[in-house]
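These numbers come from the heavy atoms of this one structure, side chains and all, not from hydrogens, waters or symmetry mates. Numbers restart at 1 for each chain; the letters A, B, ... are given by sequence-line order, proteins then strands.
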Amino acid sequence: MESARRENRAAIEAAGVPAFAYAFQRSHLAADAIAEYERGGQAEGPDVAVAGRLVAWRPKGKVAFGHVEDASGRIQIYLRQDQLGAAWTLAEHLDLDDHVGVRGTLMRTRAGEITVRGAELTLLAKSLRPLPRGKTQVADDGSVRTFGGLHDPEVRFRQRYADLAVHPEVREIFRLRARVTRYIRRYLDERGFLEVETPVLQPLYGGAAAQPFVTHHNALDMPLYLRIADELYLKRLLVGGLERVYEIGHDFRNEGMDRTHNPEFTMLEWYMAYADYQVIAGMAEELLRGLVREITGGEAVERDGVALDFGRPFARVGFVDGIREHAGIDVLAADEPDMRAALLRSGVPADTAATFTGGKLVDEVFKAFLEPHLVQPTFVFDYPRVLSPLAKTHRTDRRLTERFELFVLGRELANAFSELNDPDDQRARFEDQVRLRQAGDLDAQHYDADFIRALEYGMPPAGGIGIGIDRLMMLLADQPSIRDVILFPAMRPEG
RNA sequence: GGGGGCGUAGCUCAGCUGGUAGAGCAAGGGACUUUUAAUCCCUAGGUCGUGGGUUCGAGCCCCACCGCCCUCACCA
């Protein structure tokens, strides 16, 4: 299969035509050429020069039809031996998937399709390997048959270039992704936020409960960790007087991979001095509502047959109240046997439930009873202290913290606090974490003395939030797996 | 990590209770100066994931390994 393409390359080069050009002066994208022809209203349109990949090729004796695809779409080309002259030799040695440039006059074929009648054909890059293209046939009765196509997820993700090349709809997901981050940046920029970049390689990781990736710095001969969160560095910036900061970047967590987890993923975090978590909740709601409007033009997105309404005010439920309502138990008052019994009622296996203690147990009760109900956009407010070592103690209930998470479709989209800025309180929380760590909790956080020192200088009261961009993208692009919204998801190396 | 499933031509798949492989599309050759599912004629293409084993004989059975998918666990 490949050899025929190499022979075509040799034949083309033997005729003095380079198989890989240096540049091409394109005058129109396919869609723009078609639009211009239609505006003109004449049988013969203007001359255009289009360029793209040859995605369909129908040689037919001394003429040939094909379709060229570029970023805007496809346009048909029509080549004739009597018009191309010597360049016809090139046309005879074209292969599907070659990159070509065609200059010619726009016309409409007998069948009615706007087409470039080629006066010049330029080979821009030879394709030596056929793309795994499918083919669809539409029968007279409207039924569609599909032959082949790239469906194997392994190949799609390993060879994302091929996946993108044959699936315009996949390319569209990543255009959408860029629109989303652009919208977010504009939203924050307009409100006086400064986009910053903080270290990815860190001597001490923190800001979340997760296992890190570890690497080694040769010159310093010391371990370094890939960050699991941006939080502690961004809060240092608040101390430094950068009052509104945000970062969009990758965090790395050395844990399992599944539909909603990739070892590196994109996190948005922003921090705002003199705001509390209520202010942040208002912003998160406004941002998401705006995003849904921007992307869909409406205020709802339909997912799994449910219209998720981002237009009306998001539901709000208290962590403790919500659990009491659905599980009939007060997690602040209940003892561990009570909570384990509740878990058993929800269907959690006894041996699994037996392993949960402390904050973990509370969190499991939440996940079992409340999380599944959080389909519409819902804020869950005021988490117990044990679950939130970086959040400020609640102003009216010392057992709680000022923290919320935002859920949609039962999935966490955002996590936010009134940021803990009392260095003595933070020190005590770190010490609790260290005790948990010594007791065997590998996800408990480290004591970060430099962060405490920063807080001692005085951090203004502030609200902050983290939003997982990949999961947000899954929602907005209606994709079932995080791999569908990450260009090159993590894979085991090919054997 | 546990459980389940899958890995056959470039792509998507079929292959009956084990008898040494098949389709469509793609590909190659030929015909064809308005096709778009082009059409018509002809042709070729596979160490059946890898390595062992059972058997007279294995794509099919057994074992191990590799990879992917689903699921559970872990992971807010």
Let's see if you can work this out: which of [options] has an atom nearest to the side-chain heavy atoms of [X]?
| X | options | answer |
| --- | --- | --- |
| A:Pro132 | B:C11, B:C74, B:U34 | B:C11 |
| A:Pro153 | B:C75, B:C68, B:U35 | B:C68 |
| A:Val63 | B:U34, B:U36, B:C69 | B:U34 |
| A:Ala4 | B:C75, B:G28, B:U36 | B:G28 |
| A:Lys62 | B:U34, B:U33, B:C68 | B:U33 |
| A:Arg110 | B:U33, B:U36, B:U34 | B:U34 |
| A:Arg158 | B:C75, B:U34, B:C68 | B:C68 |
| A:Lys367 | B:C75, B:U36, B:C68 | B:C75 |
| A:His151 | B:U12, B:C68, B:U36 | B:U12 |

Does [X] reach a base, just sugar-phosphate, or nothing at all? Heavy atoms under 4.0 Å.
| X | answer |
| --- | --- |
| A:Arg492 | sugar-phosphate |
| A:Asn262 | nothing |
| A:Met257 | nothing |
| A:Arg117 | nothing |
| A:Phe356 | sugar-phosphate |
| A:Asp443 | sugar-phosphate |
| A:Ala111 | base |
| A:Leu387 | base |

Does [N] have its OP1 or OP2 closer than 4.0 Å to a side-chain nitrogen or oxygen of [X]?
| X | N | value |
| --- | --- | --- |
| A:Lys360 | B:C75 | yes |
| A:Lys60 | B:U39 | no |
| A:Arg133 | B:C11 | no |
| A:Arg129 | B:G10 | no |
| A:Arg5 | B:G28 | no |
| A:Arg259 | B:U71 | yes |

Can you check the [X] [atom1] to [N] [atom2] distance for me, whole Å?
| X | N | atom1 | atom2 | answer |
| --- | --- | --- | --- | --- |
| A:Gln81 | B:U35 | CD | P | 18 Å |
| A:Asp152 | B:C70 | CG | P | 12 Å |
| A:Phe157 | B:C68 | CZ | P | 12 Å |
| A:Phe265 | B:C75 | CZ | P | 15 Å |
| A:Arg160 | B:C68 | CZ | C1' | 15 Å |
| A:Leu79 | B:U35 | CG | P | 15 Å |
| A:Glu92 | B:G29 | CD | P | 11 Å |

- request: Using the closest heavy atom to pick a nucleotide of RNA chain B for each, name whichever of A:Gly112 or A:Gly149 lands nearer the 5' end.
  value: A:Gly149

message: Would you say the ring centers of A:Tyr277 and A:Phe381 fall short of 6.0 Å from each other?
response: yes

- prompt: A:Phe265 and A:His250: aromatic ring centres closer than 6.0 Å?
  reply: no

- line: Re B:U20: Watson-Crick or G-U wobble partner, both distances kept under 3.5 Å, found to be none

- request: Would you mind pulling out the nucleotide paired to B:C48, Watson-Crick or G-U wobble, both distances under 3.5 Å?
  value: none

query: Salt bridge check: are A:Asp425 and A:Arg429 linked by an N-O gap of less than 4.0 Å?
result: yes

query: Between A:Leu387 and A:Asp363, which heavy-atom pair has the shortest distance, and what is it?
result: CD2-CB, 4.0 Å

message: Would the distance check show the side chain of A:Gln445 and the main-chain N or O of A:Gly207 forming a donor-acceptor pair, the cut-off being under 3.5 Å?
response: yes

- request: Spell out, as yes or no, whether a donor-acceptor pair under 3.5 Å connects the side chain of A:Asp98 to the backbone of A:Asp95.
  value: yes

- request: May I ask you to check whether A:Arg227 and A:Tyr225 show a side-chain donor-acceptor distance below 3.5 Å?
  value: no

